[in-house]
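Comments concern the structure below.
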Amino acid sequence: MDWSAVTAEVMTKIAPYRGQGRVADYIPALAAADPMKFGMCVVLGNGEIHCIADADEQFSIQSISKVFTMSMALRRVGDELWKRVGREPSGSPFNSIVQLESERGIPRNPLINAGAIVVTDLLVEQVGPDAMLAELLDRLRTLAGDDSIMIDEVVAVSEEKAGARNRALANFMQSYGNLCNPVSQTLKAYFSHCAIAMNCRQLARAALFLAFDGRDPISGQQMVSSEFCRRINAVMMSCGHYDNSGDFTYRIGLPGKSGVGGGILVIAPRHGSVAVWSPGLNAAGTSLVGSLALEALVKITGWSVFV
Ligand code: GLN
């Protein structure tokens, strides 16, 4: 594939839309992001890396962290995870509380806020909050080959201050016995992993194992079993973008996960991994320009799993 032609075409396709969408402002520290920013990085199984524009600029990965916490939870407790969280798309906004009452405190899936809070609670219960965050950062740094990956404390504190909705979700689940640790402790860990700052290059590289049966093709390290890898991809495909998961699958046809920082991670099984970033979001909280870039990329490469 002529990657310089591919990247040039993606840039041409998104040019009329640059700056569109609404930057997330419910977390005050994210509100200052420049909607004109755009970065993309494709990492292939043979180690080739193709970056465009602002691919080396760090942003808040937010909900994309939920893919990595879900992987850690599956590794630790396996199918036991599904006793505390489901694996169905919610069809609701990422921070919705409506289904929790009728479904007795069991969130629909690990990629919406309520589900990710339960996953964090489980990891905190298993190893403690500090060790859990240290393990997560260590894995990301090792996979990305970059020790500079950190939690942005300013973003974490900002989200904690504005975190009434997430506190409501956590308290509600606690009332149903689906939270083992104090709400404040679990949420502190949750806000911290959402506030990890990474760039497209680091993110795409860190997730490459998900495109190759759970084994990082460059280091050879098995990060999750091939069976869980297949299932993580399935959950990303069906639940990775809240109430626009169906639209994302229709347009892009790859497992993915978006975050309100404007990043999107997608996995192209057997090909590679892709991270895009552009802070302007659509109504459901997915990067508007980022998803257009992915749509263009998939069209050119033929990487949709539904080819
Ligand atoms: N940390 C954010 C929150 O809990 C994550 C939301 C997102 O990226 N969709 O609200």
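Keep in mind that what you see is a predicted model, and the values were worked out from it rather than measured. Below, each value reflects all heavy atoms present in this structure, side chains not excepted, and no hydrogens, waters or symmetry copies. Indexing begins at 1, ligand by ligand and atom by atom, following the structure's order.
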Please work out whether any backbone atom (N, CA, C, O) or any side-chain heavy atom from C-beta onward of R165 is under 4.0 Å from ligand 1, and answer side chain, backbone, both or neither. neither

Using a plain distance cutoff, I'd like to know if S258 has any nitrogen or oxygen under 3.5 Å from a nitrogen or oxygen of ligand 1. no

Side-chain (R108) to main-chain (P89) donor-acceptor, under 3.5 angstrom: yes

Are the side chain of D247 and the backbone N or O of N244 linked by a donor-acceptor pair below 3.5 Å? no

When you measure from the side chain of S287 to the backbone of P279, do you find a donor-acceptor pair of N or O atoms at a distance under 3.5 Å? no

By side chain to side chain contact (heavy atoms under 4.5 Å, CB included) - contacts of R87 (at least two apart): W82, V235

When the ring planes of F209 and F68 are compared, do they come out parallel, tilted or perpendicular, using 30° and 60° as the limits? tilted

Nearest-contact summary for atom 5 (C) of ligand 1 - protein heavy atom, Å: S63 OG, 3.2 Å

Suppose I only count heavy atoms of Q62 and a 4.0 Å limit; which atoms of ligand 1 are within that range? 1 (N), 2 (C), 5 (C), 8 (O)

Which atoms from ligand 1 have a heavy atom of G259 less than 4.0 Å away? 8 (O)

Ligand 1 versus Y190: contacting region, heavy-atom distance under 4.0 Å: side chain

Please confirm whether the backbone N or O of E88 pairs with a side-chain atom of N109, one donor and one acceptor, at under 3.5 Å? yes

Please work out, at 4.0 Å between heavy atoms, whether the side chain, the backbone, both, or neither of C194 comes within that distance of ligand 1. side chain

Considering the heavy atoms of N166, write down every atom of ligand 1 situated less than 4.0 Å from one of them. 3 (C), 4 (O), 10 (O)

Minimum heavy-atom distance between L254 and A268, given as atom pair plus value: CD2-CA, 3.9 Å

Check contact between N113 and ligand 1, using heavy atoms of the residue and a distance below 4.0 angstrom. yes

What atoms in ligand 1 come closer than 4.0 Å to a heavy atom of Y242? 7 (C), 8 (O), 9 (N)

